[in-house]
Amino acid sequence: MATKPFNRREFLWGLSQSALTLLVLGRTSQQVAASDGTSPSVLVLGAGLSGLYTALLLEAKGLSVTVLEARDRVGGRVHTLDDVPGKPESGGQSLSEKYQRLLTLAQHLEVPIEAAKGFDKELLLYVRGQSVLPRDWPTSTADQLVAAERSLMPSRLLSHYLRPHNPLEDATAWTKPNHASLDIPLDEYLRAQGASKEALRLINFDPTSLMNSLETTSALWALRNDQRGKTPTQKPMHIKGGNSRLPEKMAASLKSPVQTQKVVESIRSRETDVEVHCSDGSRFRADYAVVTLPFSVLRQVEITPPLQGAQAEAVQELPYTAVTQIRFKVREPFWEKDGYPPMMWTDSLLESVFPIRDETGRVQSLVCWVNGANAKQLDAMNEEALAQFVKSELKRIRPATDGNVEIVRVISWGRDPYARGAYSHFAPGQIRQFQDKMAKPWKRIHFAGEHTAIASPGMESALESAERVTSEIFAHLK
Ligand SMILES: Cc1cc2nc3c(=O)[nH]c(=O)nc-3n(C[C@H](O)[C@H](O)[C@H](O)COP(=O)(O)OP(=O)(O)OC[C@H]3O[C@@H](n4cnc5c(N)ncnc54)[C@H](O)[C@@H]3O)c2cc1C
């Protein structure tokens, strides 16, 4: 089969043709995954953004695609909590004008995008047992930062030390050998930049740092994230009605419906095909497989023949950031009682509290957002103990919440069996060790997913990886 490299315009044209065919012929309920013998076939494992986009791209080029998804829904780490007041996002939150693939795709699928409300401007700090408003922070005894750090809000400390001397010239520079010497523990790097012990302590409580801890994170990875923030984004955006509407529409645009509740347990690459076994006993065969499972989950999947060397190590060792969210319904607006803003940044185990507002600015619900080591501590508690702990901790930090909030949902991405963490990152030394090897095709098995992308952030990275893996498969078919 003659193929050309991926071209987004052609893909969108192909997609229109597929949509037209569906309109004329109606949807077919294809149950068998093996090739129909007329076109090359691909099994796409995982129906998150990367898997769905891969499937759309491959189908648009005439390949026969079957998507296998463990959950009973599509979207993976994009998940709108439709049953929680304000329909908050538990996974992928916001995008920006830099997400060109996602914006083009949404436009093509007629999924409307709108400005997101963004964070509140006002917040209350709770540090070293004291409640402090930002204007009082530099003179407060709770502020034990030193020198120029003292005037900074805790959430600004990380970029204060990364930004001025960030040597990464563009979004892909972090993968280049000339920066490999920065693949060291982030705490070590920050200390060398002058960060105080208190600054390091506070950075570990910051949810925007996206890491488990400074010690277990590569400085080069943190510099990579900082580089992306150098050109500020304009207004944050999201999908109207919830980000889940995008993967849902992507799935609905596929010729073959996504097969949900298919938990992949093993993948075998053979001479002429790939066979995938699921936990319900079903088996699927195709010419190629694209694996979009996070490596944190892929660790439990048997791959035959086994992956080798650095790639095998990457699957076993790539760390994922634990994120746990406690969602609250508000009975009474407690912030009107104590006069402080509802948003909080704390150095407690509960870390940060954000209000979810509707279009008019009314608070619909609250989320307590916990990262890394603190999230893991919460994850170790059973449901009852967690609820007890959170209630009493919140009462201690913010007495006015007592009796005025009610836990409606706890989302643990770390405990989620199909995610085992919110986002991948690199531990010190791992960028050198396996970044350029981890997504290489292995026999007839190809890899995509946010963890395999280079230049883009979050949801856009999932789409970036889909374009790369699709080109790889087309190259094989040439
Ligand atoms: C809390 C949180 C906040 C975020 N905030 C943002 C943000 O503001 N902006 C942004 O751009 N990005 C954000 N992201 C990141 C973004 O959501 C992800 O990068 C992106 O959705 C990942 O897509 P993916 O397809 O690579 O992986 P996934 O969405 O994880 O897709 C993998 C799929 O594989 C499935 N699967 C797993 N195991 C199996 C199995 N054994 N068999 C079959 N299927 C399986 C999963 O269920 C899942 O559907 C956030 C993520 C989280 C968790």
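Remember, it's 1-based here, ligands and their atoms both numbered in the order they're listed.
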Looking only at non-hydrogen atoms, which of [options] approaches [atom] most closely?
atom: atom 53 (C) of ligand 1; options: Ala448, Ser296, Ala422; result: Ala422
atom: atom 43 (C) of ligand 1; options: Glu450, Lys262, Arg71, His79; result: Lys262
atom: atom 42 (N) of ligand 1; options: Val67, Leu102, Val264; result: Val264

Does the Gln364 side chain pair with the main chain of Lys87, one donor and one acceptor, at a distance under 3.5 Å?
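Side chain of Gln364 to backbone of Lys87: no pair is present.
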Among the heavy atoms of [X], does any lie under 4.0 Å from an atom of ligand 1?
X: Gln325; result: yes
X: Leu45; result: no
X: Leu49; result: yes
X: Trp369; result: yes
X: Pro417; result: no
X: Ser90; result: yes

Identify, for [atom], the protein heavy atom at the shortest distance, and state residue, atom and that distance.
atom: atom 32 (C) of ligand 1; answer: Thr292 O, 3.7 Å
atom: atom 24 (P) of ligand 1; answer: Ser50 OG, 3.5 Å
atom: atom 5 (N) of ligand 1; answer: Gln93 N, 3.4 Å
atom: atom 49 (O) of ligand 1; answer: Glu69 OE1, 2.6 Å
atom: atom 31 (O) of ligand 1; answer: Gly48 CA, 3.4 Å
atom: atom 9 (N) of ligand 1; answer: Ser94 O, 2.9 Å
atom: atom 3 (C) of ligand 1; answer: Gly91 O, 3.3 Å
atom: atom 27 (O) of ligand 1; answer: Arg77 NH2, 3.0 Å

Salt bridge (charged side-chain N to carboxylate O under 4.0 Å, His left out) between Arg444 and Asp273: does it pass, once the steps are laid out?
CA-CA 7 Å; Arg444 289 176 170 269; Asp273 65 2; over 6 Å; no
Using the side chain to side chain donor-acceptor pair (under 3.5 Å) rule, take Asn204 and Ser213 through it: C-alpha gap first, then chi angles, then the decisive distance, then the call.
CA-CA 6 Å; Asn204 267 326; Ser213 74; 5.1 Å; no
Check the angle between the aromatic planes of His425 and Trp221 and answer parallel, tilted or perpendicular using the 30° and 60° thresholds.
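It falls in the tilted class, 30° to 60°.
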Check the angle between the aromatic planes of Phe426 and Phe434 and answer parallel, tilted or perpendicular using the 30° and 60° thresholds.
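Correct class here is tilted.
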Quick one: which ligand 1 atoms are inside 4.0 Å of a heavy atom on Tyr423?
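Every atom of ligand 1 under 4.0 Å from some heavy atom of Tyr423: 2 (C), 3 (C), 4 (C), 50 (C), 51 (C), 52 (C).
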Within a distance under 4.0 Å of any heavy atom of Gly76, pick out the atoms of ligand 1 and give their elements.
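Result: 29 (O), 48 (C), 49 (O).
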Among Arg77, His79, Arg71, the one residue meeting side chain to side chain donor-acceptor pair (under 3.5 Å) with Asp416
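Answer to the side chain to side chain donor-acceptor pair (under 3.5 Å) test with Asp416 among Arg77, His79, Arg71: Arg71.
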